[in-house]
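Beneath this line is the structure, given in structure tokens, with notes to follow.
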Number of protein chains: 2
Amino acid sequence: MNYVVIAVNKTQRNFILKQAQAKCQSLGLRLTEKRQGVLEILLQTVEPLSAYELTDKYNKSTNSPILAMSVYRILEFLESVNLAHRIHSANKYIACKSLDGACHHHLSVILVCKSCHQIEEIDSVQEAAKHLFKAVESTGFSAANARLELPGLCNLCKAKLDK
Amino acid sequence: MNYVVIAVNKTQRNFILKQAQAKCQSLGLRLTEKRQGVLEILLQTVEPLSAYELTDKYNKSTNSPILAMSVYRILEFLESVNLAHRIHSANKYIACKSLDGACHHHLSVILVCKSCHQIEEIDSVQEAAKHLFKAVESTGFSAANARLELPGLCNLCKAKLDK
DNA sequence: CAACTATTGATACAATATAACATATCAAGC
DNA sequence: GCTTGATATGTTATATTGTATCAATAGTTG
């Protein structure tokens with residue numbers, strides 16, 4: 001069972017957006033128009049986007065443009081409520097596409113393909129991740145609420161390289 | 001048992017440098033003077049350094065200065081032979097301070113303290129890391145030779161915050 | 001409405017990283 | 001030794017990513 005998907009369709013997008021709205025409200029925060037707009041673009045996009053790419057996409061899809069500066073601020077906000085993730089190894093950003101309320105985020109695992117640069121956030125290794133976190137915490141380090149970026153080769157690229 | 005240390009003394013540094021020399025030689029590669037110089041500075045420094053900080057330190061300690069461009073290239077080289085690691089979440093670099101031949105690098109774990117920004121590369125969670133990697137690989141993704149950056153709070157900072 | 005806070009706009013700039021081409025150094029074969 | 005090819009470094013320019021700062025606007029609360 002894997003509730004995290006790569007490409008979300010329109011229905012899923014709207015569902016996530018509604019959940020996002022609810023989440024912000026329950027935290028006493030505002031998912032403003034611009035913030036929602038940024039999140040929507042991230043949700044519509046399969047590959048991770050840099051802040052500037054995101055800005056461009058945003059401005060091509062609207063007549064009230066936004067500045068890169070604001071996008072950075074909005075990304076920070078979205079990250080703080082776990083609606084978006086920053087991929088440090090690529091300096092890019094993705095929407096969290098979990099459909100089940102984003103409850104696993106304290107130890108989510110993100111696979112980063114070195115060849116095609118696609119990102120996949122997987123839930124199916126929760127158990128193993130939990131063990132690793134426990135092992136780490138037994139050293140005295142608090143690794144709570146961490147995201148794990150795992151570089152490697154995805155299925156498709158491996159197949160291509162095998163040819 | 002933990003063979004990875006944070007601060008290495010002069011004896012350890014020389015030992016690591018010798019191992020590094022041997023390693024490069026065995027790979028048919030050259031650990032040139034500049035490359036060794038960069039590695040030495042990384043080894044002498046506890047905190048991770050940015051490429052530019054590294055350049056400055058290098059140039060303060062020599063009369064044949066180096067350019068940031070070269071430092072980037074050298075870091076790339078050192079990384080390719082696992083003598084240095086890039087900390088993506090900080091855009092900084094550290095020397096690998098493993099004293100036992102750097103054999104664990106296909107799944108090393110690096111702890112990054114969000115408060116003091118200290119880095120610790122730990123070997124003591126090998127088993128748990130191995131399991132996680134296996135779980136990931138069972139999804140079809142090849143995560144071999146990956147480094148895991150784990151953000152969190154280190155022992156010392158946790159103690160401080162408890163006060 | 002007034003005062004306050006949160007959000008966004010706008011400009012400037014810092015920090016990080018890479019591209020492109022030139023030059024130097026080293027090792028191997030002649 | 002000399003040439004040649006490969007590797008390494010120098011040099012300059014520029015791209016990319018991210019932050020600081022202050023002004024303006026929108027939303028909220030009394």
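Just so you know, these numbers come straight off a predicted model, no measurement behind them. Labels below follow one simple rule: chain letters A, B, ... track the order of the sequence lines, proteins then strands, and each chain is numbered from 1.
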Going 5' to 3' through nucleotides 10-19 of chain D and flagging B where a protein heavy-atom sits under 4.0 Å of the base, S where only the sugar-phosphate is that close, and - otherwise, we get BB-----BBB
I'd like to check the side chain to side chain contact (heavy atoms under 4.5 Å, CB included) partners of B:Ser89; sequence neighbours left out, ordered by chain and number.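 Once residues adjacent in sequence are excluded, the partners of B:Ser89 under the side chain to side chain contact (heavy atoms under 4.5 Å, CB included) criterion are A:His88, B:Ile87, B:Val112, B:Glu149.
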Under 4.0 Å from a heavy atom of chain B: give me the 5'-most and 3'-most nucleotides of DNA chain C that qualify.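 Taking any atom under 4.0 Å from a heavy atom of chain B, the span is C:dT16 to C:dC26.
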So, OP1 or OP2 of D:dT9: does either fall under 4.0 Å of a side-chain N or O from B:Arg35?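 For B:Arg35, the contact criterion (side-chain N or O under 4.0 Å from OP1 or OP2 of D:dT9) is met.
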Nearest-angstrom distance from the residue atom [atom1] of [X] to [atom2] of [N]:
| X | N | atom1 | atom2 | result |
| --- | --- | --- | --- | --- |
| A:Arg30 | D:dA26 | CZ | P | 12 Å |
| A:Gln25 | D:dT28 | CD | P | 10 Å |
| B:Glu33 | D:dT9 | CD | P | 10 Å |

Grab the two heavy atoms, one from B:Leu132 and one from A:Ala128, that are nearest each other, plus how far apart they are.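 That closest heavy-atom pairing would be CA-CB, 3.6 Å.
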Could you report the tightest heavy-atom contact between B:Arg13 and B:Val8, atom names first, then the distance?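 Scanning both residues, the minimum pair turns out to be NH1-O, 3.7 Å.
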Strictly below 4.0 Å, N to O, side chains only: are [X] and [Y] in salt-bridge contact?
| X | Y | result |
| --- | --- | --- |
| A:Lys130 | A:Glu127 | yes |
| B:Lys92 | B:Glu53 | yes |
| A:Lys134 | A:Glu137 | no |

Apply side chain to side chain contact (heavy atoms under 4.5 Å, CB included) to B:Cys24 and B:Leu83, showing your working. CA-CA 10 Å; B:Cys24 288; B:Leu83 291 171; 4.2 Å; yes
Minimum side-chain heavy-atom gap B:Leu67-B:Thr55 below 4.5 Å: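 Of all side-chain heavy-atom pairs linking B:Thr55 with B:Leu67, none is under 4.5 Å.
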